[in-house]
**Student:** 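A single structure is presented below for examination.
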Amino acid sequence: MFNKIDNLSSQARILIAVILALLFFIPYSYLYKPTQTTEQENKTTNSAIPQTIQEQSTQPIQQNLPTSNNPTKEIIATIQSKNFEYQIDRLGRITQAFLKDTKYQKDSQDLPLFSTDISQQDNPKPLEIRFSDPLINQQAFSTPYLANTTNIQIEGNPQTLILTQKLQEITIEKHITFYPNGYYEININAPQNYVYFVSPGMRPNVESDAYIFKGVIIKESDNTITTIEDGDAKEQTNFKASTILAAVDRYYTTLFFKQEGNIDSIILNNSNKDPMPFISANGNISLSGYIGPKDHRVLESINPSLTDVIEYGIITFFAKPLFLLLDTLYKLTGNWGWAIILLTLIVRIVLYPLTYKGMVSMQKLKDLAPKLKEIQAKYKGEPQKLQAHMMELYKKHGANPMGGCLPLLLQLPVFFAIYRVLYNAIELKGAGWLLWIQDLSVMDPYFVLPILMGLTMFLQQHLTPTTFSDPMQEKIFKFLPLIFTIFFVTFPSGLVLYWFVNNVFSILQQLAINKSLAYKKSKEIAEHKHHPKDS
């Protein structure tokens, strides 16, 4: 097998590397499903989590949810600021959250974060409380809350809403202080010995893209981060010492966290095996929460640890520093488009030694191609001799058969990290670059950038040294720009801008390297003519 690989030309190896990269790149986000450790799956509690909680989250709730076709009849309080509007229903929950910023709007309408689909009415909403006692739980879902005010307008200072629910045996109070940026604090007053569960709500239901993570993120006190994707939730998973419990989609989140101390998080599943997040409590509890976009600066201003809900997958450790660099460049330029271009330039400069080494290696292999063909023809049918003479030729001329592929493979993690950063950055929403690109988070409306990307990729291929011996391989390789163009047509224009500019810089580097190699080769030829015996 290794003999066959070694017999491949350098360009064939590059072709294989590119195709493998493409095959990995397309399904990566869709297929990537973070695994949970056995330790995390087995974290359980005895008395705090009754075995009947899964039943309580379906049957009693389903019987007692409001069924009115007019949702305004269910709203007992409204909280408004210039950035959002929250609607509180009769069960003391945030039944809907609207984002008012124009960059989040759809069809000039405020963006609703939560689904209104009646099939999802059993899913928990933010601030929803469920009790371990079935009788109390049934009372809780048939007894409306009373609000101390029906409307709160947040101008600058935070405002507090008090919700009260009087059941037969107990009284529940929710004191919720809302801030202008989507952050809120909630103090729940409840008597001891009545175990209950409060939810930050199911994830926002805005982004339907299959190539993104949607589900729940749990950060524990030891900084371990566990993700549970939609469709993967088990009947019950417990996390006794968590600090953040967040339900997320690509751009938005609803979450609970503790400024100090830990919370007891529980993840259940619904009929679709989507994770339903809860926090277990007994008596009074104080929590901090947030509903809104996963904007890095907003989350960091609330609590730096909240930036962990911006999830980049398996390469988060590398993607996060890249985003911070991109954010720094934005601060310098004031434009996300130019920041992406500068980021691309910096990446090309950092990777230049690898690029140069790869290009030099490919050029050497191209120069050796005629001699390799002679050896292959001479030792056809004698693989051992063929292998030995090829290795001798490579050694004599300082060529590495993997020298062209390896630098490219080493660059792939960088490209994937940038892909995840640009694909997940809500900061690009509504962010224009210039001319027709007025939103870097959506596809180019006129397909200009994808076409330019394809053309520059084709030009880059034309300038790159090639040693194809198989016409079919050459044809496939030439079709790659078209394949990438079609694939990138629907991608966010910010990501396509990066790829296009990366190609432009690659072309400039290739021209410079080709010129350098040509000069070096002409110099060697001149020296050979003057000193033929030295050869």
**Student:** From the options I136, N137, L135, select the one residue that forms a side-chain contact (heavy atoms from CB on, under 4.5 Å) with L167.
**Tutor:**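 Only match with L167 under side-chain contact (heavy atoms from CB on, under 4.5 Å): I136.
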
**Student:** Please report the shortest heavy-atom distance between P275 and I267, naming the atom on each side.
**Tutor:**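 Closest pair (atom of P275, atom of I267, distance): CB-CG2, 3.6 Å.
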
**Student:** Name the residue from D117, N205, N270 that meets the side chain to side chain donor-acceptor pair (under 3.5 Å) definition with N123.
**Tutor:**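 Among D117, N205, N270, the one that satisfies the side chain to side chain donor-acceptor pair (under 3.5 Å) with N123 is N270.
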
**Student:** Given I340, which partner from the list T333, L326, L495, I418 fulfils the side-chain contact (heavy atoms from CB on, under 4.5 Å) test?
**Tutor:**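 Result for side-chain contact (heavy atoms from CB on, under 4.5 Å) with I340: L326.
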
**Student:** Is there a side-chain contact between L127 and Y184, using heavy atoms and a 4.5 Å cut-off?
**Tutor:**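 L127 vs Y184: side chains touch.
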
**Student:** Give a yes or no on whether a salt bridge exists between K214 and D230, defined as a side-chain N under 4.0 angstrom from a carboxylate O.
**Tutor:**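 Between D230 and K214 there is no salt bridge, as every charged N stays at least 4.0 Å from the carboxylate O atoms.
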
**Student:** Salt bridge check: are E427 and R297 linked by an N-O gap of less than 4.0 Å?
**Tutor:**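 Salt bridge: no.
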
**Student:** Classify the side-chain pair D222/T224 by whether it contains a donor and acceptor separated by less than 3.5 Å.
**Tutor:**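 Yes, side-chain donor-acceptor contact under 3.5 Å.
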
**Student:** Can you confirm whether or not the ring centre of F84 sits under 6.0 Å from the ring centre of F98?
**Tutor:**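 Distance test on ring centres: not under 6.0 Å, no.
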
**Student:** Looking at Y423, I'd like to know if the NZ or CZ of R250 sits under 6.0 Å from its six-membered ring centre while staying within 45 degrees of the ring's axis.
**Tutor:**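 Yes; both conditions hold, so R250 lies above the ring face of Y423.
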
**Student:** Please give me the minimum heavy-atom distance between Y183 and G289, naming the atom from each residue.
**Tutor:**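 Smallest heavy-atom distance, with atoms named: CD1-O, 3.2 Å.
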
**Student:** How close do R420 and I315 get, counting heavy atoms only, and between which atoms?
**Tutor:**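 Looking at all heavy atoms of both residues, the closest pair is CG-CD1, 4.3 Å.
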
**Student:** In Å and rounded to the nearest 0.5 Å, what is the CD1 to CG distance from I176 to L287?
**Tutor:**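 That separation rounds to 11.0 Å.
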
**Student:** Might you point out which heavy atoms bring Y252 and L99 nearest each other, and give the distance in Å?
**Tutor:**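 For Y252 and L99, the tightest heavy-atom pair comes out as CE2-CD1, 3.5 Å.
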
**Student:** Donor-acceptor pair, N335 side chain versus G432 backbone, under 3.5 Å?
**Tutor:**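 Judged by distance alone, yes, a pair lies under 3.5 Å.
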
**Student:** Let's go through F131 and Y194 carefully: what are the C-alpha distance in whole Å and the side-chain angles of both, what is the deciding distance for ring-ring contact (aromatic ring centres under 6.0 Å, His included) to 0.1 Å, and is it a yes or a no?
**Tutor:** CA-CA 7 Å; F131 289 87; Y194 291 88; 7.6 Å; no

**Student:** How far apart are the closest heavy atoms of F141 and R90, and which atoms are they?
**Tutor:**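 Looking at all heavy atoms of both residues, the closest pair is O-NH1, 4.5 Å.
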
**Student:** If you define the side chain from C-beta out and look only at heavy atoms, does anything of Y145 sit under 4.5 Å from T164?
**Tutor:**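 No; the side chains remain at least 4.5 Å from each other.
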
**Student:** Are any of the side-chain heavy atoms of I88 and I94 separated by less than 4.5 Å?
**Tutor:**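 With C-beta onward as the side chain, the pair touches.
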
**Student:** Hey, are the side chains of I172 and N189 touching, using non-hydrogen atoms and a 4.5 Å cut-off?
**Tutor:**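 No, side chains not in contact.
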
**Student:** Answer yes or no: are there more than 12 heavy-atom neighbours, outside E260 itself, under 6.0 Å from its atom CD?
**Tutor:**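 Counting other residues, nucleotides and ligands, CD of E260 stays at 12 neighbours or fewer.
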
**Student:** Applying ring-ring contact (aromatic ring centres under 6.0 Å, His included) to F491 and F488, what does each step give before you reach the verdict?
**Tutor:** CA-CA 5 Å; F491 267 39; F488 272 72; 5.1 Å; yes

**Student:** Given N269 and E235, is the side chain to side chain donor-acceptor pair (under 3.5 Å) satisfied, shown in steps?
**Tutor:** CA-CA 5 Å; N269 65 358; E235 288 188 2; over 6 Å; no

**Student:** Is the closest basic N to carboxylate O distance between D308 and K320 below 4.0 Å?
**Tutor:**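 Judged by the 4.0 Å cut-off on N to carboxylate O distance, D308 and K320 do form a salt bridge.
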
**Student:** How many angstroms lie between OG in S441 and OH in Y104, if you round to the nearest 0.5 Å?
**Tutor:**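 The OG atom of S441 sits 10.0 Å away from the OH atom of Y104.
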
**Student:** Taking atom CG of D110 and atom CD of Q105, what is their separation to the nearest 0.5 Å?
**Tutor:**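 D110 atom CG to Q105 atom CD measures 5.0 Å (nearest 0.5 Å).
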
**Student:** State whether the number of non-hydrogen atoms from other residues, nucleotides or ligands found under 6.0 Å of K166 atom NZ is greater than 12.
**Tutor:**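 It does not: K166 NZ has 12 such atoms or fewer within range.
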
**Student:** Could you pull out the closest heavy-atom pair between S286 and K258, with the gap in Å?
**Tutor:**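 It is O-NZ, 2.9 Å.
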
**Student:** Run the numbers on W338 and W433 for ring-ring contact (aromatic ring centres under 6.0 Å, His included), then give the verdict.
**Tutor:** CA-CA 7 Å; W338 294 117; W433 175 40; 5.6 Å; yes

